[in-house]
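Down below is the structure, laid out as structure tokens.
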Amino acid sequence: MTKSRIFWGTIAPTAAILNSLLFVYIILKIRGVDPVEMFKLMVSYGFDPRNLVSEINQTIAYYMAGVAAAIGFKMLLFNIGIDGQYRMGAFFGAVVGAAVSLPPILHVLIIIVTAMLAGGLWAAIAGYLKVKRGVNEVISNIMLNFIAAAIIAFLLSPNLLGSLPEGSQNLQTKPIPQSGQMPTIKAFEGEIYSVIFLALFVGIAYWVMLNKTVFGFNLRATGLSFRAARASGVNAPGMIFITTVLSGAIAGLVGMGTLLSETYSYSMAFPSGYAFTGLALALLGRNHPVGIFFAAFLWSFLERSAPVLEFEGVPPEIVIVMQGTIVLSIVIAYEVVARINLRQQQRAVGSVNAESVSNQAANVKESK
Amino acid sequence: MSTETKTAKAKSFFKSPARITLLIAGLFLIISLVESITGSVDISSPGTSGATLRFAIPLLMAGLGGLWAERAGVINIGLEGMMIVGTWTAAWFGYLHGPYVGILAAAVFGLASGFFHAILTVKIGIDQAVSGLAINLIAAGAARYLSGIYFPPVGGDRTVSPPVETLPSFTIPFVADFFKSIDEKNIFFLSNISGLLYGITRDLSVVTVALLLLVPLTSWILWRSKFGLRMRFSGENPMAAESLGINVYRTRYIAISVSGMLASLGGAYLALVASSVYREGQTAGRGFIGLATVIFGNWRPSGVFAGSLLFGFTDALRVRQAESVMSLILAAGIVALLLAIYYSVSRSWKPAGAYFGIALFALWVNQKVDTIPQEFVTVFPNFATLIVLTFLAQRLTPPAMAGMPYRRGAE
């Protein structure tokens with residue numbers, strides 16, 4: 001039973017990845033390079049110990065984004081606002097972290113809590129608009145992403161919260177002192193962020209919350225059927241709001257690894273685009289904490305191993321196309337599988353019905 | 001008289017076209033007044049109105065694209081990606097075979113990208129937002145990949161295409177000269193208004209005119225043609241439409257393909273008219289602002305047009321002169337004050353109070369703040385859309401089933 005469940009759970013993602021590999025194979029063939037050679041190059045470059053570390057560090061950030069998206073998906077919420085929530089979290093985490101001086105562990109905790117609060121509160125706007133005003137969360141979140149970026153760009157100006165260090169072109173917040181920094185773990189000739197434990201905790205907490213708590217049950221119930229959940233006494237609108245905030249709080253953690261173990265300050269150089277990545281990873285990992293991990297690793301592996309293609313005259317942006325194709329393939333695969341299942345169920349119900357009808361007919365005949 | 005009849009009266013006041021013209025004239029009077037008080041002339045200068053038009057067209061095209069798709073019942077978040085398709089194909093084919101071929105290519109490839117969205121959302125039935133976002137990602141990635149291959153060998157860059165020949169532009173004879181002469185005479189109000197008109201009658205690109213004509217054309221198709229009726233029907237109630245013999249799938253296929261074409265033409269405008277190269281990141285979120293104009297324009301072509309002009313105007317001000325934003329805020333404050341007086345005369349205290357609050361706020365900002373940070377002017381469209389969605393949601397009439405999955409024969 002479990003075996004077949006794992007099989008059916010992984011077949012669609014695997015098919016999607018193979019499909020996009022095939023697509024990229026064709027594109028590379030058109031480019032006139034040997035695709036298999038390229039894939040080999042990418043694998044050997046990507047599994048090089050030095051690159052592996054940066055991949056793991058990137059995986060941590062992607063994993064948080066994926067879990068944030070998955071929480072939303074469980075509620076049928078499309079949290080495209082992860083980008084803004086992550087920025088808010090990282091920015092205010094950095095600002096508060098630089099402003100206070102506390103004993104080491106407490107300092108880090110304060111930063112993390114601030115980041116979660118900032119991300120959650122930013123998401124709360126979209127949640128409030130959805131629950132109280134009926135505003136589609138996709139639209140409001142897209143707008144909020146732009147607004148968040150503008151607010152931070154404004155606050156980063158030198159006379160407010162930002163500063164321009166000597167010899168740098170990048171506006172950034174004041175650095176977080178030693179006590180607010182997180183150590184790194186030495187491995188494979190590199191340093192892995194210790195935020196990895198936080199990611200691990202988030203993954204486990206997500207699974208436990210969803211499967212072992214009443215809150216998680218209510219969440220899933222509301223996601224499956226708003227009206228049914230409401231009828232059975234769940235405060236469904238409240239659940240939507242809380243889920244949005246929760247998703248935003250996790251999204252606020254996306255930038256923590258970079259902030260607490262590498263740059264120690266927020267700058268405009270912090271990458272964007274986490275929203276769609278998070279959604280893609282949740283889709284690819286079927287909202288399962290372990291699935292999302294593999295998806296996140298695949299994503300950062302693709303990104304970190306792409307530069308090697310440059311030397312062969314292939315623009316590395318091909319990887320972006322590949323990621324997009326993976327996402328499309330996976331949702332198509334789910335849709336097709338769902339439709340096949342539906343058809344089988346209908347057929348099963350149909351044959352049962354047909355049987356009972358013919359039985360009834362026979363009974364009627366007998367009684368006559 | 002009850003309050004309701006009063007608001008109904010107020011509503012009908014805003015609806016009559018003659019009065020709208022009067023209203024716009026009044027608005028302009030206020031702007032002229034503000035300009036003569038503050039001494040800034042940039043709001044009504046020919047340069048600003050010309051720039052407004054140039055900034056508005058890409059937003060307008062994206063907005064019309066969004067309108068076509070949503071009226072047929074499918075949300076098109078892929079507008080941004082389809083605009084990228086337009087910028088890239090217009091620049092590349094424009095470089096190879098001249099700008100007209102570039103525009104044609106943008107239209108064809110845009111149509112194809114819209115068709116792709118249609119296959120995914122209508123035929124296969126995947127989530128419309130996922131499909132749109134994936135198109136954005138793939139289009140951005142593909143454009144960068146192809147730029148890296150094709151542009152460097154021909155004098156371009158990994159991120160910038162080689163320059164494309166510019167399209168001809170013309171100045172409307174006599175009319176433009178007439179407006180120019182009045183503009184230079186510095187008569188209060190009359191000069192301001194002709195300054196604005198001079199800006200939009202000189203150096204007009206043929207493409208600008210052609211694309212502007214798509215607004216009345218879309219209006220006509222949407223409200224007067226058989227296809228428009230089918231399109232709206234598919235967006236409002238696809239099941240009922242199907243039961244009356246309308247082929248919802250086919251209608252949506254056509255509408256979404258056109259949507260892609262329009263967005264792509266907006267991209268082509270960016271690459272060929274607003275500049276003369278493809279540049280990475282050239283669309284800069286305009287597809288999403290197009291989505292915003294659809295909401296802002298209440299899913300009507302004229303509304304989308306007005307919305308894109310407004311957003312194009314803020315864009316133009318941001319680029320040209322940040323101080324003039326302040327005079328605009330002053331003008332908005334005066335308008336709000338007048339509305340407050342209007343409503344308190346008819347004793348509708350609630351809107352009167354709200355407008356009075358807005359007026360006070362605007363005047364306060366005008367007094368206390370020196371300049372509005374550029375970042376906030378940039379996101380004005382996004383912010384305005386959120387406000388509209390929050391406070392005017394009851395007045396909005398989106399297509400009922402836009403964004404909902406629909407399968408033929410399924411419940």
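Any value given below was found using the heavy atoms of this structure, including those in side chains, with hydrogens, waters and symmetry copies removed. These numbers come from a predicted model, not from an experiment. The sequence lines fix the lettering, A, B, ..., with proteins before strands; numbering per chain opens at 1.
- Taking each heavy atom of A:Pro315 and B:Arg158 in turn, the nearest pair found is CB-NH2, 3.9 Å.
- From B:Asn136, atom CG reaches atom CZ of A:Phe276 across 8.0 Å, with rounding to the nearest 0.5 Å.
- Contacts between A:Val138 and chain B at a heavy-atom distance below 4.5 Å involve the side chain alone, from C-beta outward.
- Interface remark: A:Ile318 contributes backbone and side-chain atoms alike to the contact with chain B (heavy atom separation under 4.5 Å).
- Here CG of B:Leu386 is found 8.0 Å from CD1 of A:Ile125. Values are rounded to the nearest 0.5 Å.
- Separation of atoms OG (A:Ser140) and CG (B:Asn382) is listed at 12.0 Å; rounding is to 0.5 Å.
- B:Leu133 is listed as a side-chain neighbour of A:Phe78, based on a closest heavy-atom distance under 4.5 Å.
- Between A:Ile27 and B:Tyr145, the closest side-chain pair of non-hydrogen atoms falls below 4.5 Å.
- Proximity to chain B involves both the backbone and the side chain of A:Phe154, based on heavy atoms less than 4.5 angstrom apart.
- Heavy-atom contacts from other residues, nucleotides or ligands closer than 6.0 Å to CZ of A:Phe39 number more than 12.
- At a 4.5 Å heavy-atom cutoff, A:Leu342 makes no contact with chain B through either its backbone or its side chain.
- Minimum interatomic distance between A:Gly324 and B:Ala134 (heavy atoms only, all atoms of both residues): O-CB, 4.3 Å.
- In this structure the side chain of A:Leu144 never reaches within 4.5 angstrom of the side chain of B:Phe383, judged on heavy atoms.
- Your options are A:Val336, A:Ile147, A:Val319, A:Asn136, and the one with the most heavy-atom pairs under 4.5 Å with chain B is A:Ile147.
- By number of non-hydrogen pairs under 4.5 angstrom with chain A, the leading residue of B:Gly125, B:Gly148, B:Ser147 is B:Gly125.
- Using a 4.5 Å cut-off between heavy atoms, A:Glu310 touches chain B through its side chain atoms alone.
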If you apply the rule side chain to side chain contact (heavy atoms under 4.5 Å, CB included), what do you find for A:Ile80 with B:Ile77, and how did you get there? CA-CA 11 Å; A:Ile80 188 78; B:Ile77 294 182; over 6 Å; no
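- Comparing B:Leu120, B:Thr385, B:Ile289 by how many heavy-atom pairs each has under 4.5 Å with chain A, the most go to B:Leu120.
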Given side chain to side chain contact (heavy atoms under 4.5 Å, CB included), test B:Val379 with A:Ile151 step by step and report yes or no. CA-CA 9 Å; B:Val379 291; A:Ile151 291 177; over 6 Å; no
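- For A:Leu129, the part lying under 4.5 angstrom from a heavy atom of chain B is the side chain only.
- Annotation: maximal heavy-atom pairing with chain B below 4.5 Å, among A:Val327, A:Thr325, A:Ile326, A:Ile332, occurs at A:Ile332.
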Quick one, B:Asp127 with A:Tyr334, criterion side chain to side chain contact (heavy atoms under 4.5 Å, CB included). Give me CA distance, side-chain angles, the key distance, then yes/no. CA-CA 11 Å; B:Asp127 189 287; A:Tyr334 289 154; over 6 Å; no
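- Heavy atoms of other residues, nucleotides or ligands lying less than 6.0 angstrom from OH of B:Tyr249 number more than 12.
- Of the inter-residue distances, the one linking B:Leu291 atom CG with A:Met143 atom CE reads 5.5 Å to the nearest 0.5 angstrom.
- Looking at B:Arg144 and A:Ile320, their side chains come closer than 4.5 Å, going by heavy atoms from C-beta outward.
- If you measure heavy-atom distances from A:Leu283 to chain B, the contacts under 4.5 Å come from the side chain alone.
- B:Thr390 touches chain A through backbone and side chain together, each having a heavy atom under 4.5 Å away.
- With a 4.5 Å cut-off on non-hydrogen atoms, B:Ile135 does not touch chain A at all.
- Both the backbone and the side chain of A:Val331 come within contact range of chain B, judged by heavy atoms closer than 4.5 Å.
- Of all heavy-atom pairs spanning B:Ile124 and A:Glu335, the tightest one is O-CG, 3.2 Å.
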Please step through side chain to side chain contact (heavy atoms under 4.5 Å, CB included) for the pair A:Ile139 and B:Leu389, ending with a clear verdict. CA-CA 9 Å; A:Ile139 301 291; B:Leu389 278 172; 3.8 Å; yes
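- Each of B:Leu137, B:Leu146, B:Ile138 was scored for a side-chain contact (heavy atoms from CB on, under 4.5 Å) with A:Val321, with one residue passing: B:Ile138.
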